[in-house]
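Counting from 1, the numbers follow the sequence of the chain as shown. All ligand and atom numbering here is 1-based and tracks the order in the structure.
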Amino acid sequence: MDPTQVLRGDDGVFTCRECGFRYALSGAEIARVCATTVVEVRAAALAVPESLRARRTAPEVWSPNAYCAHLADASELIEGRARRIVSEDRPLLRGYDQDEAAVRGRFDEVSMDTSLPRIEAAVARFVSLVESLPEAAWQRVGMHEEAGELRLRELAHDMPHELTHHAGDLRRIGAELQAQSPTS
Ligand SMILES: [Zn+2]
């Protein structure tokens with residue numbers, strides 16, 4: 001949940017101002033969208049030729065490798081947060097500076113072959129967690145350092161959102177990179 005990217009609309013539903021993803025799914029839909037989009041992430045990532053995976057289309061845009069490394073961190077973070085809300089009383093959820101992490105972790109150089117299995121393992125753990133939840137558990141809350149009090153129902157949408165949002169990024173930059181280097 002990035003409070004600068006995902007805003008609560010007039011209807012009370014969080015919506016991503018970049019990709020339009022709406023935080024309005026049922027628990028079963030959250031699990032289903034995760035299971036389908038994690039496959040799309042892998043396909044979009046591996047569609048980028050190996051020689052272009054560490055490359056950026058512009059200095060401020062992440063490379064395909066970096067998007068995958070970010071998703072590996074983000075999917076593990078979201079899975080861990082959901083698990084804490086289920087098992088702890090109003091846990092404090094610390095913020096995560098994704099740009100700082102990308103620089104510190106040298107994400108352009110992290111092979112997507114390492115990141116994709118991490119994403120898939122975290123999403124599989126997340127899906128089995130949410131599928132096992134009784135209905136009442138969706139109302140449990142965590143205290144997000146930046147976004148404030150969040151229900152599990154809201155926070156759990158971060159997983160299908162991250163996957164959907166970045167599958168789109170990977171498709172877009174993959175096409176741009178290939179257009180920039182037509183012989184690769
Ligand atoms: Zn989005």
- Query: Just checking, any donor-acceptor pair under 3.5 angstrom between side chains of Asp169 and His166?
  - Reply: yes

- For the residue pair Val41 and Leu116, establish whether any side-chain heavy-atom pair is separated by less than 4.5 Å. yes

- Task: Look up atom CD in Glu162 and atom SG in Cys34, then write down how far apart they are to the nearest 0.5 Å.
- Result: 11.0 Å

- Student check: side-chain heavy atoms of Pro64 and Leu52 closer than 4.5 Å: no

- Distance-only donor-acceptor check, side chains His161 and His157, under 3.5 Å: no

- Message: Keeping to distances under 2.8 Å, can you name the protein N/O/S atoms close to the Zn ion (ligand 1)?
- Response: Cys16 SG, Cys19 SG, His161 NE2, His165 ND1

- Query: Can you check whether Leu152 reaches Val130 side chain to side chain, under 4.5 Å on heavy atoms?
  - Reply: no

